[in-house]
Amino acid sequence: MALEWFALALAAPVLGLLAAIVAPPRAGRAAAFAGTFVAGVAGLAAAVLVLANHLDLRWSGDPATHVAIRIDPLAATFVLLIGGVATLVGLFGVGGPTADESGRGRTVGCSACAIVLASLCVCVADDALFFIFAWELLAIAFYVAIAYGGTGSDAAPAAYLTVVLTHAAAAGLVAAFVLLSRDGGYGLSSLLAHAGSAPPALRGLAFVLILLAFGAKLGQLPFSLWLARGYTAAPAVVAALMAGAALNVGFYGLARFGLDIAGPVPLWWGIVTLACGALATFFGIAWAAAQRDARTLAAYSSVENGGIVVISLGVAFVGRALELELLVGIGVAAALVHAAAHAFAKCTLFLGCSELVTRVGTTSLDRLGGLARRLPIPTLGVVLAATSLAALPPSGGFAGEWMTLEALLQAFRTGNVLATIAFAVCGATIGIAAGIAIVTFVKLLGIGFLGEARTERAAAATASRSPVRAAALLLGGIAALAVGLAAPGYVGLLGPAIDAAAHAPATAAILAKPPLIQPGFGGFASAWPLGLGMLVTGFALAFWCVAALVRRPTTSHPEVWTSGNAYRPWTQYTGTGFSNATRVVLDAGVRVRRTVTVEPDAGRFGAVSYDSEARGFFGSRFWDAVGAVFLRAADIVRATQSGVIAAYLSYILVFVIVLLIAFPSIRHW
């Protein structure tokens with residue numbers, strides 16, 4: 001039955017895409033998002049059946065087609081996330097076009113179907129060529145969504161950057177597959193099973209290529225720029241799919257190739273992974289805190305949350321290297337829980353941004369304000385998503401970060417100085433990032449949704465009358481919260497994937513004292529997310545009762561003091577002003593460029609305008625320099641293409657001579 005459900009999950013987006021092409025634009029768009037919704041529901045059903053029944057399903061077509069799929073518990077875990085996000089986005093999209101979609105939305109619907117289809121195929125591909133095909137299909141879907149689906153002027157360069165980095169990642173994966181292949185076959189399961197016989201140097205090089213390739217998909221340093229450009233240039237409803245669903249293929253790839261590979265895992269694999277995750281965690285949230293646009297803020301937040309998941313997987317790699325099965329289990333469990341929390345929270349946040357664009361015309365924090373009363377449902381959805389992304393209890397983000405920190409606190413069990421130091425640095429990084437994240441999302445909510453409207457468009461905003469959009473926003477926010485509240489149950493559902501990765505009953509150790517979650521080892525700190533939620537709710541109700549029952553002195557409401565001038569909405573805190581302290585403290589990493597312009601006029605004082613821009617490391621200048629190197633190399637290669645046959649024959653002769661010198665054994669073939 002699980003295979004039938006998954007077949008429906010693959011067929012629905014294909015049919016939706018075809019309907020979007022042949023039907024009238026508006027009907028085609030609706031059909032495409034309906035296909036996305038059906039694919040999400042079917043994917044959820046297939047994943048739950050596989051996980052609940054501990055299945056490992058395989059299917060392959062004709063060998064010449066290289067179509068082979070495997071739905072084991074690990075693949076099902078990510079199919080579950082992709083299906084859940086696709087359900088929310090499909091439901092939201094059926095509610096009608098948004099203001100940041102070009103034309104009538106046909107292109108947006110087609111790209112949404114392609115993203116869902118490609119993401120599902122990547123997670124279940126059991127053939128190297130089929131995996132690369134699905135990866136490239138995802139790259140093309142991203143390109144179409146960014147270049148042709150949105151309305152921004154920077155869509156073309158953003159799409160180009162995205163597709164170039166994704167193609168480069170595909171090249172790295174192909175090289176890694178070639179290095180690990182021992183039997184000449186294309187099956188991924190066979191490739192990983194026989195990779196243990198590869199020389200250690202080749203295995204290490206293949207791991208670096210895999211880490212870079214999937215890190216590029218996750219926006220890890222130095223590849224973070226494409227997330228900021230791509231997520232903001234694409235329509236927000238598609239960005240919700242990109243950040244909530246497609247991003248998970250990066251987590252899946254690291255988990256699959258890092259934990260399933262045969263043979264010993266060197267300790268340096270885990271240390272390098274931890275370092276990459278720590279850098280992304282710190283710089284991601286630092287850059288997010290400096291942003292004045294909600295979508296750019298959300299994009300850099302994905303860099304931070306991706307870094308936390310990578311840290312958790314790094315813990316698992318260290319546990320694998322040191323043969324600590326329970327450490328592998330808690331690392332994998334923390335990664336899967338945090339990936340789920342991020343998927344639903346980020347999907348909801350981008351859907352909220354879509355409503356902002358449609359109702360207010362912008363996602364700039366300095367042009368919003370006062371929307372909590374005017375857009376109550378989007379506000380509630382964004383509040384729930386922000387609670388999770390800021391890792392506040394009892395949300396899913398809190399559960400994921402708490403489990404990651406608990407895993408890092410097991411450093412003393414490793415008995416290795418280098419691992420202990422790496423764990424300590426990562427733990428401190430997550431702690432710092434958590435504090436900055438609270439400031440960042442308080443800014444998002446306080447500046448964007450509270451206070452007074454800063455523009456006439458914000459003051460005149462009206463709520464959408466679409467019930468399916470409201471349902472998608474509420475369900476997404478509730479899902480982000482539920483991952484935390486029901487964390488023990490969710491970990492239990494993912495038990496087959498966690499235990500298979502750990503090669504031990506790690507889930508039973510984590511859930512040894514229900515309803516608590518503990519880091520696998522007895523006698524250590526435990527948490528009950530639902531209990532924390534009840535405690536927070538109880539304190540809130542108690543405070544409300546005290547405030548309602550206790551008589552307070554009569555209060556007056558004088559006008560706000562604004563240096564003797566009349567109050568204006570622009571006298572409120574701006575997004576820049578609220579986070580200025582954070583920007584100043586983190587200036588070395590955020591690299592803020594400030595511009596003050598004085599425009600003299602006829603009066604006594606000139607008009608002064610102030611502007612600031614955060615320039616993160618590995619930004620446009622970095623990638624322009626990298627591109628210049630490749631363009632120079634292309635010019636050199638182009639110069640050798642003279643069109644003269646004699647020249648080409650001489651190239652072949654030189655190549656054969658070099659080959660015979662480098663590999664003398666070829667002479668005996």
Side-chain angles (χ1 to χ4, degrees), residues 1-16 32-57 59 69-94 112-124 134 237 240-249 251-252 336-348 351 388 396 468 471-487 489-498:
M1 183 60 100
L3 274 178
E4 286 79 0
W5 278 110
F6 190 75
L8 177 59
L10 295 181
V14 173
L15 295 175
F33 278 104
T36 302
F37 174 78
V38 173
V41 174
L44 283 172
V48 170
L49 286 173
V50 170
L51 290 169
N53 297 290
H54 298 206
L55 301 177
D56 188 349
L57 305 176
W59 182 89
I69 66 173
R70 179 189 180 191
I71 313 177
D72 67 341
L74 181 61
T77 299
F78 289 94
V79 170
L80 181 72
L81 298 185
I82 295 169
V85 172
T87 301
L88 296 173
V89 173
L91 188 64
F92 186 91
V94 170
C113 288
I115 289 172
V116 173
L117 176 64
S119 300
L120 291 174
C121 288
V122 168
C123 292
V124 301
V237 66
L241 265 181
M242 295 167 67
L247 192 75
N248 289 299
V249 305
F251 301 140
Y252 167 78
L336 297 183
V337 169
H338 198 77
H342 173 260
F344 291 117
K346 195 54 59 72
C347 171
T348 306
L351 293 182
S388 182
V468 292
L473 286 164
L474 289 178
L475 288 174
I478 292 171
L481 187 64
V483 171
L485 293 174
Y490 187 66
V491 171
L493 177 65
L494 305 184
I498 297 170

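Quick caveat, the model's predicted, so the values are computed rather than measured.
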Measure the shortest side-chain to side-chain distance between F33 and V237 over non-hydrogen atoms and say whether it is less than 4.5 angstrom.
yes
If you define the side chain from C-beta out and look only at heavy atoms, does anything of L55 sit under 4.5 Å from I71?
no
Nearest 0.5 Å, what's the [atom1]-[atom2] distance between [X] and [Y]?
X	Y	atom1	atom2	answer
I82	T77	CD1	OG1	11.0 Å
L351	L88	CG	CG	7.0 Å
L3	L49	CG	CG	10.5 Å
I115	L120	CD1	CG	12.0 Å
C123	I69	SG	CD1	12.0 Å
C347	H342	SG	NE2	10.5 Å

Using the side-chain contact (heavy atoms from CB on, under 4.5 Å) criterion, which residues pair with [X]? Sequence neighbours excluded.
X	answer
L15	none
F251	F78, L218, L247, N248, V309, A339
V48	L80
A486	none

Locate the shortest heavy-atom distance separating [X] from [Y]; write the atom from each residue and the value.
X	Y	result
D72	A75	OD1-N, 3.0 Å
G43	V79	O-CG1, 3.6 Å
A134	C121	CB-CB, 3.6 Å
C113	G16	SG-C, 3.9 Å
F6	A46	N-CB, 3.8 Å
A42	A9	CB-N, 3.6 Å

Salt bridge (charged side-chain N to carboxylate O under 4.0 Å, His left out) contacts in which one or both residues fall within residues 2-12, not counting sequence neighbours:
none
V85: which of T348, T36, V116, L241 passes side-chain contact (heavy atoms from CB on, under 4.5 Å):
L241
Compile the donor-acceptor pairs under 3.5 Å between side chains in residues 476-485 and protein atoms, sequence neighbours left out, one pair per line.
none

